[in-house]
Every structure is written in structure tokens, then in C-alpha cells.
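Only heavy atoms go into these numbers, but all of them, side chains included; no hydrogens, no water, no symmetry mates.
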Amino acid sequence: MPNGICRLSYYGELLRKILKDEGYECTFINLNAYAMSGKPREWLNGLRSVNPKTKMTHLLSAGMETIKMVEYLDEITSEYYKGCGFEPTGAWQKAYKHFIAAMYRADSKAAIEKAYNEAKQAFDSVPLIKPPHPLKVGIIGEFYTAVDPFSNREVEEKLANMGVEVHRWMNITHRLIHYPGEKNLNVEIKEYCTYEMGPTSTANIWAAKHYAEQGFHGLVHIKSANCTPEIDIVPILQQLSARYKIPLLVLTCDTQTSDVGLMTRLEAFYDMMEAKGRQLK
């Protein structure tokens, strides 16, 4: 558990208890206990509890390479979902899977750069069969659930396979590495939100407004069950939906979420986006 105060930082303790109840004998290190101090050196102390030989110089070098890897992963993933629905041969999916596998194996800056460049070249070499005005959907939602395909039942892949251009601003690069800041985002959404409502609430309202103003055909809001901040912004998203006449689909993900039920909702939502597309024409 690296950081964050979701559920009052109790997730780390919950994970430790689950492991114990399942009979695993292990030393559980909750890095959140170090991170919450607000002192950078405490991070080093936490990592040294994992590896006593950790040095700041090694940490900085590895950290810079990790940041670059994350930026490349987010960039290629974003490009993939925008185009994979318009490439019928499967070449884009093959190139993307090859890129992910290469990043898993990468153990140096050179390997990271090589994997990224190969992915870019692969995408550039495969023509897309995309209509002049494709349906565009904006994905917003709780950080982890919106980003992780396993948690959201691969909703981006499902939408892309319907022939939709999928956009998702929420990722690690935008939210953690190059985040514009709450004050900067609040300027653009002050008519909807006076106070900060949670970890990703401001960013999601801002992104939803941005997608609506850009003429997107739909918004999909993804959240984990009982995520309070994301529940709180649903009424604001409904206001945006009504004001800009853009369809809104709210998806709550938990262990009961099934592919069949999800596909039924996505297919109905697709019909709404098609109707929106006809209106724009």
C-alpha cells in the first residue's frame, strides 16, 4: 500500500488481515505508514525496510526510468484505444500486446525506449479504416477502477470493438506525474463545484466538461461500489449531461458485475451515442 487516504488508509491493514486469515506467513510492510508523514526521507526508510541496501542515488535513477516507462505506457495505451476499433486485422492489438510484454521485460532505459519506438512504428505502419466523424466516448471515474481493465471488465476494449473512439484522460501520467492541480482545474468548473470533493472528483468533472464541450457522443463514469467521492459527483455529471445533451452511462463495478449485464448496457448506450451522432450531423 504505497499512499493515499482512501477509506481512511485502512486498506493496508485490511490486506494484511486477509493474508493472515488465508494462512500466509509473511512480513507485511505498509509503505503508506511512511508516506503519510509527508517527509520524502520517510519513503527511503520504508523502502529500506524492504531492502536495507537501498541507496538514494539508485532510487533516483530507477525512479526516473520508472516515470518514463509510465509515461510511455499511458501514451501508447491511449493511442491504442483511440484506434483499435478501426483496425480489422488485429495488427494493432498484436502490436500493443507486444509493447506491454516488452515493457514487462525492460530492465534499462534503452530497453524502455526501444519498446516505445517499436510500438509507435507499428501503429504508424498499420492503416486505420476510420469514418470521417467516428463516435467518441470519454471515460471518467475512480482512479483505479477506470484505469484497470480487470476491475472494469475491459469496458474500453468492449466499446472500441463496437467501432468507438475511446478517450480516457485519467491515468497515472495525468493524475500523478503532470497533474495541473486542483486550483487550476477548479477555475474551469467553478459553476459546478465549489469545494474539492475527493481524490479524483475535480479532475473527473473537469474532464467530463471538456469532453462535452469537444462534442463527444457519450460519457462513461466508472466507479467501484460505495466509492463516496464518485457517488457525490454523479448529480454534477447529470447536470452536464442535460446541459450539453450528451448521454451519460454510470457503471458501478464489484464482484457481481458480469459481462452479459455490462454488454447489454453498453449496447443500449451505443444506440444513444448513435442518435447523438445523427443530431450533430
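Looking at I172 and V147, their side chains never come closer than 4.5 Å, going by heavy atoms from C-beta outward. In this structure, the side chains of L159 and V155 come closer than 4.5 Å at one or more pairs of heavy atoms. Side-chain contact between V137 and F269 is present, with heavy atoms from C-beta onward closer than 4.5 Å. Using a 4.5 Å heavy-atom cutoff, the side chains of K190 and T194 are not in contact. Side-chain contact check for L219 versus S241: every heavy-atom pair is 4.5 Å or farther apart. Using a 4.5 Å cut-off on side-chain heavy atoms (C-beta onward), H174 and D74 make no contact. Counting heavy atoms from C-beta outward, P134 and E165 have side chains that approach closer than 4.5 Å. In this structure the side chain of L73 never reaches within 4.5 angstrom of the side chain of Y116, judged on heavy atoms.
Side chains of E87 and T89: a donor on one and an acceptor on the other come within 3.5 Å. Side-chain polar atoms of T145 and K223 form no donor-acceptor pair below 3.5 angstrom. Counting only N and O atoms by type, the side chains of E13 and N30 include no donor and acceptor under 3.5 Å apart. In this model, no donor atom of one side chain and acceptor atom of the other lie less than 3.5 Å apart for T173 and E71.
Taking hydrophobic clusters as Ile, Leu, Val, Met, Phe, Trp and Tyr residues chained together by side-chain heavy-atom distances below 4.5 Å, M162 shares a cluster with I139. Under a hydrophobic clustering in which Ile, Leu, Val, Met, Phe, Trp and Tyr are joined whenever their side-chain heavy atoms come within less than 4.5 Å, directly or via other members, L251 and L237 fall into different clusters. Clustering ILVMFWY residues whenever any of their side-chain heavy atoms sit less than 4.5 angstrom apart, transitively, puts V234 in a cluster other than the one holding I222. Each of V220 and I140 belongs to its own hydrophobic cluster when Ile, Leu, Val, Met, Phe, Trp and Tyr are linked at side-chain heavy-atom distances under 4.5 angstrom. Side-chain heavy atoms closer than 4.5 Å link hydrophobic residues (I, L, V, M, F, W, Y) into clusters, and following such links, possibly through other members, connects Y104 to Y96.
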Stepwise salt bridge (Lys or Arg N to Asp or Glu O under 4.0 Å) test for E22 and K17: CA-CA 9 Å; E22 291 295 318; K17 189 175 187 304; over 6 Å; no
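With a 6.0 Å radius and a threshold of 12 heavy atoms from other residues, nucleotides or ligands, N226 has its CG atom at or below the threshold. Atom CE of M64 is surrounded by 12 or fewer heavy atoms from other residues, nucleotides or ligands within 6.0 Å.
Put simply, the side chain of R175 never gets that close to the backbone of W169: no donor and acceptor are under 3.5 Å apart. When atom types are taken as modelled, the side chain of T200 and the backbone of A203 share no donor-acceptor pair closer than 3.5 angstrom. Panel note: side chain K276, backbone K245; a donor-acceptor pair is recorded below 3.5 Å. S61 places no side-chain N or O within 3.5 Å of a backbone atom of H58 that could act as its donor or acceptor partner. Panel note: side chain D254, backbone T257; a donor-acceptor pair is recorded below 3.5 Å. At distances below 3.5 Å, not a single donor-acceptor pair connects side-chain atoms of S78 with backbone N or O atoms of E75.
The two residues W206 and E188 come nearest to each other via the heavy atoms NE1-OE1, 3.2 Å. P180 and L185 make their closest contact through CG-CD2, 3.7 Å (heavy atoms, listed as atom of the first residue, atom of the second, distance). When all heavy atoms of E142 and C227 are compared, the pair lying nearest together is CG-SG, 3.7 Å. The two atoms that bring A146 and N152 nearest to each other are O-ND2, 3.2 Å, heavy atoms only. Closest heavy-atom contact between K130 and K82: NZ-O, 3.5 Å. Considering all non-hydrogen atoms of both residues, F99 and A115 come closest at CD1-O, 3.5 Å.
Looking at residues two or more places apart in sequence or on another chain, you find no ring pair (Phe, Tyr, Trp, His ring centres under 6.0 Å) involving Y192. Residues passing the ring pair (Phe, Tyr, Trp, His ring centres under 6.0 Å) test with F123, sequence neighbours excluded: W92.
Salt-bridge annotation for E25 and K20: absent, with no side-chain N of the basic residue lying under 4.0 Å from a carboxylate O of the acidic one. The pair E113-K109 does not meet the salt-bridge criterion, since no charged nitrogen lies less than 4.0 angstrom from a carboxylate oxygen. In summary, R168 and E156 engage in a salt bridge, as defined by a charged side-chain N under 4.0 Å from a carboxylate O.
Contacts classified as ring pair (Phe, Tyr, Trp, His ring centres under 6.0 Å) and involving residues 216-252 (residues at least two apart or in different chains) are given here: H167-F216, Y211-F216.
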